[in-house]
Structure formats: structure tokens, C-alpha cells
Amino acid sequence: MDLKDKLISSYSSLENQGDKELLTIRNEALKIFETKGFPTKKEETWRYTSLRPVIKEDYNLFPKTEQNLSFEEIEKYLVDDLDAYRMIFVDGVFSEKLSQLTEDKFEVSALSAAFQNEKYEEIIKKHFNKIRPQDDSLSALNTAFSREGAFIYIKRGQALDKPVQLLYLSTANESAMMLQPRNLVVIGENAQAKIIERHQSLNENPVFTNSVTEIFADKYAVVDYYKIQKDKENSTLIDNTYVDQADNSNVSIQTFSLGGKLIRNHWKAAQNGERIDTTFKGVTLLNGKQQVDHVTLVHHAQPNNESHQDFKGMFDDKSKGVFDGYILVDKIAQKTNGYQKSDNILLSDRAIAHAKPQLEIYADDVLCSHGCTVGQVDKDALRYLRTRGIPQKEAYALMMYAFCSSVLTSVTIPELQKNADAWIAAKLGVDMGFHD
Amino acid sequence: MAKYTENELKKELETQEYKYGFYTDIESDTIPPGLNEDTIRLISKKKNEPEWLTEWRLDAFRIWQEMEMPDWAKLDFKEPDYQAISYYSAPGKGGPKYKSLDEVDPELLNTFERLGISLEEQKRLAGVAMDVVMDSTSVATTFQDTLAEKGIIFCPISEAVQKYPELVRKYIGTVVPKTDNFQAALNSAVFSDGSFCYIPKGVKCPMELSTYFRINQAGTGQFERTLVIADKDSYVSYLEGCTAPMRDENQLHAAVVELIALEGAEIKYSTIQNWYPGDKDGKGGVYNLVTKRGLCEKNAKISWTQVETGSAVTWKYPSCILKGDNSVGEFYSIAVTNNHQQADTGTKMEHLGKNTKSTIISKGISAGYSHNTYRGLVSIGRNAENARNFTECDSLLLGDKCGAHTFPYIDIKNKTAQLEHEATTSKIGEDQIFYCNQRGIDIEKAIALIVNGFGKEVLNKLPMEFAIEAQKLLEITLEGSVG
């Protein structure tokens, strides 16, 4: 039985939490997945990516019991020295023991708990599953199956005093495992939040994560969302993130894509207001047979908005990078400034880079641009460093760090930035700090 | 004068009529509409073609039947009814060839005169040899002798099939195979005529070769097939230009152009396309669905330059396969769309050899309700060491009802590749116009200046003979703003 059939036949055994309306949403989503199935290379946005090797595994869909993990075991997957709230999910189940919530200061809880809580009913009705593209099969699959995730609701005028770390662990002790977390982030007017998300498998068995996050930023809201993607080599992550922004809001999503077999970031932002800023950034550093896709869409639906996309990719061995960016400017979205950039370095003869920076523009008074480069580390600069006594490997690492610094330096959590530097150094095989 | 505004310009653009639209009434030898194997045999027979070519066409037809018109292009148009098209039309009853100008229908000559390309004039203007194609059969070929001296073959492809069958057979379909795409397969099955050009080893063609394609018979599709072969170390510059009469129903034009540049050869292929774009409501107009591709052997160079101002629908991607080491591919394009025109155009650069280089400069100008799309592919293969590409595609929007889109594809499989891609979309800046105004240049002239400057990089690449015509076309298409 292939994965699609397995999923569909197991759907009925899932119990529905929440009300009838939620059940209808889930049933409809299942129908979409049933008709569309897993995407294939025939679809334009999947032309460089095949899910076939991923879906041929036999995944355990419903892990039985919560695993007994101690905080010491999982601490290393959190950002070092960072004082933050944390929500830990083990095999798709929220672990109260390992998590540290905001108490009553902020409305942060597990999504399943929020579904049960009457006080969130209105917020959830208004936002849950509202900005997911209805015909997208993978996010529909998530909608049908997801039972847990983070619910972050920051009320008007509040600012989270510490970042929230979301950590999704998969034990996958005996067999391969499929996880489908679902997050709902609602940031109210003039509110602020910083969120760090990470998916981590604890075993070598294949893990297939199909995650959906919906982010709503009300007027003047500021959201900084970081995604740490450095999982074990047998893991696959499909990250569907949808953003809806109101006037003057500022949403930034940034990724560090370093580990995993296949990572696919599928991000969409809709600017439904004016004077909005949307930022998508990413550092991708791959080796082995890894693949990372960044598939982005910024929809400028109203005038006077800005968007910035900046992706840096470095690809070694047989790795593959895909950038499929899209800027859509509606007729009324005059005075739009949309920027899109994808810079790539290939480090091996077998590495592949695909880029598709696209613009679709219907308004005339706009400034939109995209740039894409593929090149090498500057040999003269490398030689300069060597003449100053810096060994080859370190010199290379310095150059690579400089190459992606425009993304790294915009991280607003200093501890995270420090961690990211260390991860990059480790991935490049050097033992050095990039700052003194 | 000074009160001339962008809105007025827009209004002028909308109301302006196609200047070159007229219909020449010449008796023609047209076969009934419809397409099946018999039609293809009939075309082949009428052209007295050898057996292999008939079979080749039939094979293409069978392939075509299995295919479907692709829908990935950002174009919205009704696919023509392929059974309602007449696939063969020759001017003059059964007269396949004219020996001199005197035999040519005077009305036809008049048509060319009105277009400003009269044969007499062309003949007098030494330097340009015209292989004039009106509908499907070549009616006159000039300067044959001058070219023959150098060993250059420049003739209709139907004649080449008779005279140089080995050459045609060796190269036809090698760059654009029958299986390539829907329109190319159709063309391979039914191509009526076109130009054939062969430049022998080491010869530098002394003049610009040029053809004029016209669609003239109502309901006649035009299926041109052009084959240009530049042998080792030779050079040729080839010009192609189009104007079509005003017509209400849509006309299909599915041409195939194949360029073969052997070792060290250089081909420069320039196009001006000014087919009937339909009226201001988007009614009528030509469907220009063209496959153009060139193959570069070692040290060879192919350069495409195009000025696209006409056609209701343009679907065209002149491409280069950089097979040989050190080969160079270039693509310079200006595409102007107005009213309800749609253009989806760009290029493909396939880097296969080592040290290959390519340059893409594409300028899109959209006005009215039109849509102008750049779609391109730069692919650097695993063995293409030190490949280099530079791409720049800029779009200019005039008015807020048009669209400008960019869909570039970049596939890199070699680490030594160096590639830059840039694209911008903007309108004419008010500060730019203000700057001109300050210096006593009125708005109309300022817009002209800016549009000219915007397209200059491409206009500069056109041969002298075409540069003037290109400017004329820009003037007509964006009348009121240029000149």
C-alpha cells in the first residue's frame, strides 16, 4: 500500500478534536489531497524535486505513547545560552514536562489545548486554515491530519519579552515516522514576537515532516521568525508557511538550511494593507546528497509596500539547491518596491543550482528587481588571505561567511546569531569564530 | 506642446491604427483547407519533392498528431482550428517561379513599394539581396550571381531541395527536430517555403542577406522554414522582416528557423517583426508561434537580434546550443506590445562546451492592455567548464493596465560557471521627464528620448539597413512618444 492510500484509509480512525466546523474543514482538506495526491515533477513548482523516494518509505503515522525524554537529552537542540520560552513536541505530542510556557503573561499554548479553550474560539474561527491555498495538496494533507502544534496569540500592544522556541522532536525508534505539525501565529495590533522553530529527529530512521504555519500580523505588528533546519540526513521537511499582513506590519522569516535529506520551504506572503514590509531570507549550506528548495511568493495586493528576498546558497558534493521565487504585483499595488536576490556558489562538479526568480507585474509605478548570480570564491581574495598566514580551509570559510553575511547579520537574536556562526563553521569543517 | 501628458500618449497609442494594413488582390493557387496525410502528399507533390522529404513530412505529421499545444506560456488566445487552414498558397496560378521582375504581378510589386521595400529600389541599393517571399512561394531572387561567385547559396528552400538535396537532407531538422514541439512538428509536416543559405568555408558574405515574409492570402497559414548553414570560418549576416496586411480573422504563423554555425563560423540573425497586431479592441491579428534555434560548433558564434512590435500573440524563443568549446551565443531583443497584444518571448542558452559565453539583453515595453513576458533559460551543463553568462531583462510599463512579467530559469551543473542575472521593472520616472523639461525638452520628446535610450543597447546591435527601419517601427508602435 502506498503512502497516499495508507493516509486516506487511516483518516477515519483519527479522532477529531474541536467542533463540527473543524471536522468539515478536515474532511474537505482530505478530499483535496485524495484528488491531487502527492505532487509530482510534472507540476511546475516541483520540476526539480521528486518526492518519490520520500513517499516510498513505510511511515508510522500514529506513534503510540509519549516518549520519556529528559531535558538534558534535548537541551542541545535548543539555542545555546538563550533565555526563551519553549514549546517541545515529542512525536507530535506536546510535552508539558519539557516545555516552559509564558504562564499567564501571554496567550501561548498547544494548538489542541487552544481548540478546547472557549476563550480562543473566535480567534481560531477567524484565522485557522484561512490563508492556506485551498488547492495545495500537501498543506491540505496537513490540515486533515494535524492534531498538534503551537498556538501563539499576542494581544494588541503586547510584546513577547523573550523569544519562543518551538522544537519538534521525533524519536522514530523502531520505524520511519511521519509528522504533521500545525502552527497558528496571530500577532495583534502593535504587538511583537520572535519565534524560533526547529525540527529534529533523534534516530537514524527516516522522518517525513509536513508542517504548516499560518502567521497573521495585524497593524504595526512585528514578527521575526527563524527556522533552524539542520536535521539528521534521513529526514525530509516540507515547511509550508503562509503569512497575512495588515497595514504597517513587518514580518521577517529567515532560515538556516544546513541538514536533512530534503528541505522544502514553501512560503507565501500576502500584503493586504499598506506600508507593509515582508522579508524572506535564507542561508543554505549543503553537502552530500542534500537538497533544499526555497519556493516563495510575495503577493503585493495593495499599494505602497515593500518586500525583500535574499537567499545565499553554497553547494558541495552532490547537493542541489532550488530557488523558485515569485513576486506578484496587482494592478492597484502602485508604488511597490519588490526585491529578490539569489546568490549561489557551487563547490563541487556534481552540485547543481536551479534558480527561477520570477516577476509578474500589473502596476506601472513600481520598482521591482531580481538578481541571480552563480559564481566562485574570488581566487585573488583567497590568495590575499593565504599570504596573511590563514590556512586554505579557514580562508575559504571566511570567504563563505562573508558571502552570506548579509543574511546572518540581520538576525535580531544575538544568541541565535552566535549559534548560527558556529553551525556554519562546523559545517565547513573549521574550528573558528567569525567574530573576535 | 508642453501640455502633452502620459495620458494623452496613452490615448494616442490606443487609437492609432496599423499603418501597413492593406490587402493585395492577386489570383492565387490555394489548396482547400484541411490537414491530413493526403494534404501533405499534395504539398510535397506540388513542390516536386523527393521521396525522402515526403516521408519526413509524413513522419512529422504523425508526431504532431500525438502532441498538444503547450499551455505554459503566459498567453491567452484561442488555439486556431488547424483543419480550417489552407496549407498551401502560391501567388499566381500554378506559376512557381518568375525569371525577372517583368513577370511579377505588378500589383505585388506595388505592395512592396507601399511598404517601402520595392524590388527596384532594393536592386539599386547594392548590398542587400532580397529573397522575397510573398505567401509561400518565392517570387524573386536577386543578386544571385554576385553570391554565386563566392560560392554562396541563397535560394528558396524548395529550390535547395531540388538543387542541393544532400545539404538539405544532412542539416534539416538537426537543430529543431520534428519532435521538438507542437508548432515545430506542424511546420515540419507542412512547411511551404522559406530560405536556404549556405556559406562555404572561409567565406565572408559580402552583403547582408535578407528576406521579407508576408502573409497575404485570407485564411492562409504561413509555415516558413529557414535553414542557414555557415561552414567553417565563414560569416553571414541575415536579416528578416515582416509586415502583414490588415485582416479580421486570426492568422497563424508557425515558422522554424535553424542556424548551423560550424567551427569558427559566425551567424548574425536579425529580425524585425511587425505583423498585424489586431485592432485596439484586440480583434484580429497574427499568431506568431515560432521556433528559432542555432547550433554553435567550436569557436562559433550566433547572435540573435530581434525587434518585436507586431502580432496579436508572439511565442518565440530564439535559442543557442553552445555545443563546441569557446562558442558564443547572444540574444538582443526589444519587444513592444500595445493595446491587447501578448508577447511571451525570450531565449534559451544551452552551454555544453567549455569556455562558452552567452549574453542576453531583453527589453520589454508594454502599453495599453498588453502583456509582455520574458521567459528564458540559461543552462550550464556538467562539462561546460568556465561557462559565462550575463543576463539583463528590463521592462518598461506605460500605463497601469498593462503587465510585464519575467520568468527566467537558471540551471547550473558546473562549479566553474559564472552567471549574473538582473531584471528590473519600472515606469518612466517623473524625475527623468522633469530633468528633460528643465532643459527645454518637452514631454513628448522626453518620452521619446527615454524610450530610445531604454532600447539603445539592442538597437545598436542591428545592422545599418535595419536600424532605420527599426526606429520607424518603434515610432509607429508608440506613435506620439517617439521622434
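Values below: every heavy atom of this structure, side chains too, minus hydrogens, waters and symmetry copies. Naming convention: chains lettered A, B, ... in sequence-line order (proteins, then strands); numbering from 1 in each chain.
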Leading residue by heavy atom contact count with chain B [cutoff under 4.5 Å; candidates A:A355, A:G375, A:S369]:
A:A355
Ignoring hydrogens and geometry, is there a side-chain-to-backbone donor-acceptor pair from A:K36 to A:D135 under 3.5 Å?
yes
Pair count under 4.5 Å, heavy atoms only, with chain B: among A:I361, A:T373, A:I352, highest is A:I361
Chain B contact via A:Y339 - which portion, at a heavy-atom distance below 4.5 Å
neither
A:M400 CE to A:L347 CG distance, which is reported to the nearest 0.5 Å:
4.0 Å
With a 4.5 angstrom heavy-atom cut-off, could you sort out which part of A:Y326 is near chain B: side chain, backbone, both or neither?
side chain
Could you tell me whether A:E360 and B:K74 have a side-chain N and a carboxylate O separated by less than 4.0 Å?
yes
Can you tell which of B:T391, B:D394, B:L419, B:N414 has the highest number of heavy-atom pairs within less than 4.5 Å of chain A?
B:L419
B:F454 six-ring centre to B:K363 NZ/CZ under 6.0 Å and within 45° of normal
yes
Taking only Lys NZ, Arg NE, NH1 and NH2, and the carboxylate oxygens of Asp or Glu, determine whether B:D180 and B:R293 approach each other closer than 4.0 Å.
yes
Could you tell me whether B:K357 and B:E330 have a side-chain N and a carboxylate O separated by less than 4.0 Å?
no
Can you tell which part of A:Q340 gets under 4.5 Å to a heavy atom of chain B, answering side chain, backbone, both or neither?
neither
Mind ranking A:A351, A:G371, A:A363, A:C368 by heavy-atom pairs under 4.5 Å with chain B and telling me who comes out on top?
A:C368
